2 protein chains.
Amino acid sequence: MAAASRESSNTVLGLIQTPANVAAAMIADGTLTSESLVSAYLERITQREDAVFAFAHFDPEYALTQARARDKAVPLSPLHGIPIAIKDTIDTEDFPTEFNSPIYAGSKPTRDAACVAMVRQAGAVVLGKTRTVEFAAGGQNPATRNPHNPVHGPGGSSNGSAASVADFMTPLALGTQTGGSMIRPASFCGVFAMKPTWGSVSINGVRVNCPGLDSVGWNGRDVGDLALMASLYEIPGASDLPPIDLPNLRIGLCRSPVWQCADSATQNALDEARSRLQSVGVEITSVDLPEEFSAIPKAVATMMRGDARVAFLPEYRMSTDELHTDFKADVENRRHIGPEMLSEAYDTAAACRAKFSDVFQDLDALLTPSAPGEAVLFEEGHGDPVFNVIWSALHAPVINIPGMVGPTGLPVGLSLVGPRYSDARILAISKVLSPALEAT
Amino acid sequence: MAAASRESSNTVLGLIQTPANVAAAMIADGTLTSESLVSAYLERITQREDAVFAFAHFDPEYALTQARARDKAVPLSPLHGIPIAIKDTIDTEDFPTEFNSPIYAGSKPTRDAACVAMVRQAGAVVLGKTRTVEFAAGGQNPATRNPHNPVHGPGGSSNGSAASVADFMTPLALGTQTGGSMIRPASFCGVFAMKPTWGSVSINGVRVNCPGLDSVGWNGRDVGDLALMASLYEIPGASDLPPIDLPNLRIGLCRSPVWQCADSATQNALDEARSRLQSVGVEITSVDLPEEFSAIPKAVATMMRGDARVAFLPEYRMSTDELHTDFKADVENRRHIGPEMLSEAYDTAAACRAKFSDVFQDLDALLTPSAPGEAVLFEEGHGDPVFNVIWSALHAPVINIPGMVGPTGLPVGLSLVGPRYSDARILAISKVLSPALEAT
């Protein structure tokens with residue numbers, strides 16, 4: 001490699017490794033241009049996209065056009081000039097939104113989803129759309145590979161959002177979670193993800209399959225970048241995180257009612273987390289959830305598949321041949337989910353939700369698995385959301401903290417969970433805990 | 001009036017008074033064309049729109065083009081060739097969707113909302129968009145007048161949907177309900193409305209302000225037409241309503257925890273309903289809801305205004321000057337709705353929801369007020385949803401049954417309410433009860 005080229009590569013590497021909140025400050029004070037930053041990410045995408053397949057739609061020229069326009073404008077927000085990728089189940093006015101479904105091939109909405117409109121208005125550069133499990137709900141997997149090892153998948157359904165951030169193709173990406181679609185892929189790919197309290201971000205313009213669970217979330221490579229997004233969406237307290245006193249922090253280690261699904265990678269990660277956090281002075285307690293919480297995973301499955309009967313009826317009617325057999329099974333209600341089952345599932349989740357704050361009487365947050373283990377093989381699909389659905393049903397805010405590594409060298413994340421509306425507090429706690437968990 | 005013209009008027013009157021399910025059968029057997037039916041409604045709209053102001057968008061030529069195309073095709077469903085109007089908070093691919101907000105003036109989505117796509121695929125003729133309270137959530141009222149007396153309003157937020165069906169401009173209209181936006185205007189306008197069990201119809205493409213409450217609903221002029229729509233959306237049992245044995249029917253008369261809001265029109269309507277139903281052999285019991293249900297109205301207000309902080313943030317950011325001050329108050333959280341209040345409101349609603357089926361142990365359905373009284377004066381706004389929000393929070397199916405008349409000659413409706421997922425049963429019960437309630 002010639003010296004000039006190596007120097008260019010080093011610059012690119014430096015830029016794409018810079019957290020978004022730091023890069024934004026540099027753009028704001030004139031020491032960095034959005035064009036340079038976006039160019040660095042575009043170079044990375046050019047190098048890596050043929051191996052990772054993170055993007056469903058991507059337009060380098062258009063990204064540069066946006067960046068140059070940002071550079072001519074007065075910075076509008078701490079997101080000004082920063083590239084971001086958007087999951088392809090979220091409407092964008094400038095790219096098609098196809099849901100990884102042949103039914104919507106080329107379909108282009110005229111309006112941004114609310115979550116995208118706010119990002120754009122804040123001055124971010126929309127890089128493109130990231131690949132997703134079909135409708136973020138089942139069916140067809142995308143081609144996206146795990147950036148750490150292409151033999152493995154990135155997890156889903158926010159496959160491309162997690163993979164693109166993990167592979168330094170973008171500092172930030174928007175995704176969605178119904179059961180475990182933000183947290184699990186973040187764990188598999190070794191990046192941060194935030195699934196805020198249900199209802200914290202408008203879902204207008206986002207594909208809705210299960211309105212009682214569906215949430216917008218985001219990936220980043222540090223907690224500061226998660227907070228940047230939370231602040232943009234005015235999640236209470238996110239723009240001014242509360243101070244956390246590490247030695248007085250009380251974390252509940254929660255194996256969760258589905259611990260039997262954890263393999264040795266996840267078991268070891270939780271053990272390792274315990275000793276690392278104890279070594280920095282955090283008080284760790286083992287926590288069991290109340291007995292009735294064990295019914296949540298089955299309840300969530302009922303809610304998701306029961307609501308899918310309604311969600312996929314339009315596509316079933318209009319494009320039966322192009323609808324994946326998974327969704328046909330939902331519409332035809334082949335699981336025989338009756339009204340009583342559905343009511344009971346919703347009521348079970350709601351009753352546990354009302355009791356969940358009691359768990360935190362002597363605790364600041366829970367630390368619990370993000371996935372059963374390392375990333376599954378690509379052919380095996382998008383992984384099991386079993387460790388995520390409980391917190392989704394509880395409407396709890398969750399942050400995936402990467403840092404642990406499994407036996408085959410792949411990342412293993414852990415979930416920091418708080419009671420509803422404690423988003424700012426779990427961001428603040430993640431910020432102080434993540435350095436200890438990321439240590440190798 | 002010349003004989004020919006009178007004859008034409010009679011034909012028009014006959015056609016527009018024909019229930020949709022009857023007209024559809026005539027279209028299917030070739031005794032009526034969609035073009036004739038649609039022409040009759042267009043003539044009515046031409047005569048009356050300048051007094052009623054039901055439509056935000058309306059295109060007679062386009063309606064006729066659709067109707068002629070329907071007449072050339074093999075009937076696809078029991079909705080084939082039938083005109084329908086769509087509330088202007090629901091996306092349509094052929095009309096703008098403006099939410100009665102200057103921010104969205106001329107904004108035209110490229111995709112139909114799921115509920116519209118199914119109507120269109122079934123062969124209905126989309127007449128146009130009906131006027132709505134701003135974003136179906138507050139702010140600006142539309143110009144729509146009560147068809148029975150223009151000094152009065154039609155109620156909201158589905159103002160134009162209720163008024164257009166009441167005034168025979170269309171046999172069917174789609175609307176939405178968060179708190180009371182389907183049932184209250186139907187009561188004010190003297191038409192039927194159905195708000196199905198929450199989650200029964202996909203909300204993709206519908207403006208979402210409060211995802212735990214927002215529902216698609218519809219207006220019609222008889223129960224058969226409500227069932228036609230419920231059947232299209234595959235609400236379980238709606239295509240084959242269960243038989244109802246009138247003398248064995250047990251109806252609970254429920255004054256509800258907000259009875260003090262009922263004026264004499266509503267008080268008399270409930271009394272009159274009792275005697276009419278008893279006279280046809282129905283067993284009537286007075287029912288009080290459990291004490292804790294009294295907390296629901298306040299909880300719903302908290303949910304709606306708390307969620308509006310999130311829902312209107314994008315418009316607040318992008319178009320502050322054009323956003324109504326009502327929504328600015330929500331985004332700025334001037335009511336100081338904190339996380340604890342919001343959690344408690346959601347939990348209160350959910351806890352009552354789980355208990356609501358107990359109310360029906362010895363009852364088939366509840367009959368309860370649809371509004372505090374007759375339609376309010378136009379200047380007074382869109383009316384009070386206080387009698388509707390309880391059932392919305394309980395996710396219960398509700399049908400407004402018209403028939404009663406208040407002291408100033410305006411309609412007063414009553415709500416038939418069942419437990420979650422009893423939609424088909426309350427349709428069937430409404431079908432047998434409504435003739436008695438409609439008698440004068």
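FYI, side chains are in, hydrogens and waters are out, and symmetry mates aren't considered; it's all heavy atoms of this structure. None of the values given here were measured: they were computed from a predicted structure. Residue numbering restarts at 1 for every chain, and letters A, B, ... go by the order of the sequence lines.
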Looking only at non-hydrogen atoms, find the nearest pair between A:L313 and B:Y233 and report the distance. CD2-O, 3.4 Å
For A:R309 against B:E234, the heavy-atom pair lying closest together: NH1-O, 3.0 Å
So which heavy atom on A:R111 is nearest to which on B:T97, and how close? NH2-O, 2.9 Å
Taking every heavy atom of A:S202 against every heavy atom of B:A311, the minimum-distance pair comes out as CB-CA, 4.4 Å
Considering only heavy atoms and a distance below 4.5 Å, find which of B:E315, B:H395, B:R317 pairs most often with chain A. B:R317
Please classify the contact of B:F312 with chain A as side chain, backbone, both or neither, using a heavy-atom distance under 4.5 Å. neither
Nearest non-hydrogen partners of B:P211 and A:I203, listed with the distance: CB-CD1, 4.3 Å
How many angstroms lie between atom OG of A:S319 and atom CD of B:Q121, to the nearest 0.5 angstrom? 8.5 Å
Where do A:P314 and B:A114 come nearest, in terms of heavy atoms and distance? CG-CB, 3.5 Å
Atom CE of B:M318 and atom CZ of A:R120: how far apart are they, to the nearest 0.5 Å? 10.0 Å
Contact part of B:S200 toward chain A, heavy-atom cut-off under 4.5 Å: side chain, backbone, both or neither? backbone
Could you check which of A:T348, A:N209, A:L232 has the highest count of heavy-atom pairs closer than 4.5 Å to chain B? A:L232
Measuring heavy-atom distances to chain A, does B:V310 have an atom under 4.5 Å in its side chain, in its backbone, in both, or in neither? both
Is it true that atom CD of A:E93 has more than 12 heavy atoms of other residues, nucleotides or ligands lying nearer than 6.0 Å? yes
Sort B:N333 into side chain, backbone, both or neither according to what part of it lies under 4.5 angstrom from a heavy atom of chain A. neither
A:D347 and side chain to side chain donor-acceptor pair (under 3.5 Å): which single residue from B:K355, B:R353, B:R420 fits? B:R420
Select one option (side chain, backbone, both, neither) describing which atoms of B:A351 are under 4.5 Å from chain A's heavy atoms. neither
Atom pair CG/CG of B:D91 and A:N204 - distance to nearest 0.5 Å: 9.0 Å
Mind ranking A:P339, A:G306, A:S343, A:A122 by heavy-atom pairs under 4.5 Å with chain B and telling me who comes out on top? A:S343
